[in-house]
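Working notes, structure below.
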Amino acid sequence: SLSIWAETSLFCLKIGVALAGAGVASIFASGMLWVKNIIPVTNKVGAVLTMSCSIASQVYCMVIGSYIESQPMVFMHLMTVTMMALVVSFGLANIVATSVRRGWRKQIL
């Protein structure tokens, strides 16, 4: 992973950063499509999702920018923690969405 090999291999660092960028870019669009399947996406819902993603990207820039010179590996470790947090968050969101759908089906029947 990027946290393990980025310090020893420039090639792994370049590939890892490119893959991290491609992965992060697809999360917003995939998240919006997933939310659209769960709840109606109105202007307010879309605005909340867009603003939360924008604020999160600014927080990442501030955190990485404040530590990058003194601790260069902070970006790699932050990406690893983010990946783990996203897996847990998406897993929990999927569990909640599944239980909500089952509740709706029981009400309909």
Side-chain angles (χ1 to χ4, degrees):
S1 149
L2 194 57
S3 289
I4 298 169
W5 294 314
E7 209 166 23
T8 59
S9 171
L10 181 62
F11 177 74
C12 289
L13 176 63
K14 288 180 180 181
I15 295 296
V17 169
L19 290 175
V24 170
S26 65
I27 288 176
F28 180 77
S30 300
M32 285 293 278
L33 287 173
W34 183 79
V35 168
K36 187 183 87 167
N37 290 331
I38 304 300
I39 60 173
V41 178
T42 62
N43 288 340
K44 289 181 182 179
V45 172
V48 166
L49 290 173
T50 303
M51 285 301 298
S52 62
C53 289
S54 296
I55 291 169
S57 68
Q58 294 300 318
V59 169
Y60 270 88
C61 290
M62 289 188 309
V63 169
I64 292 169
S66 63
Y67 289 108
I68 196 77
E69 287 187 24
S70 62
Q71 300 171 0
M73 289 296 290
V74 74
F75 174 71
M76 281 47 115
H77 298 312
L78 189 61
M79 286 293 114
T80 302
V81 169
T82 300
M83 183 204 56
M84 287 185 226
L86 285 173
V87 167
V88 170
S89 297
F90 288 149
L92 291 174
N94 198 21
I95 290 169
V96 169
T98 303
S99 66
V100 167
R101 282 186 193 155
R102 286 184 187 156
W104 287 345
R105 286 183 189 152
K106 287 180 183 177
Q107 289 177 355
I108 292 172
L109 298 175

Side-chain donor-acceptor pairs of residues 65-74 under 3.5 Å, sequence neighbours excluded:
{"from": "Ser66", "atom 1": "OG", "to": "Met62", "atom 2": "O", "distance (Å)": "3.1"}
{"from": "Ser66", "atom 1": "OG", "to": "Val63", "atom 2": "O", "distance (Å)": "3.0"}
{"from": "Ser70", "atom 1": "OG", "to": "Tyr67", "atom 2": "O", "distance (Å)": "3.4"}

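- Side-chain heavy atoms closer than 4.5 Å link hydrophobic residues (I, L, V, M, F, W, Y) into clusters, and following such links, possibly through other members, connects Tyr60 to Met51.
- Scored by the side chain to side chain contact (heavy atoms under 4.5 Å, CB included) test, Val35 finds Ile39, Val41, Val45, Leu49 as partners (sequence neighbours excluded).
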Acceptor/donor pairs from residues 16-32 side chains to any protein atom, 3.5 angstrom cut, sequence neighbours excluded:
{"from": "Ser26", "atom 1": "OG", "to": "Gly23", "atom 2": "O", "distance (Å)": "3.0"}
{"from": "Ser30", "atom 1": "OG", "to": "Ser26", "atom 2": "O", "distance (Å)": "2.9"}

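- Not one N or O on the side chain of Thr50 forms a donor-acceptor pair closer than 3.5 Å with the backbone of Ala47.
- With hydrophobic clusters built from ILVMFWY side chains whose heavy atoms lie under 4.5 angstrom apart, Ile95 does not share a cluster with Met84.
- With values rounded to the nearest 0.5 angstrom, Ser89 atom OG is found 6.5 Å from Leu92 atom CG.
- Within a 6.0 Å radius of CG in Asn37, more than 12 heavy atoms belonging to other residues, nucleotides or ligands are found.
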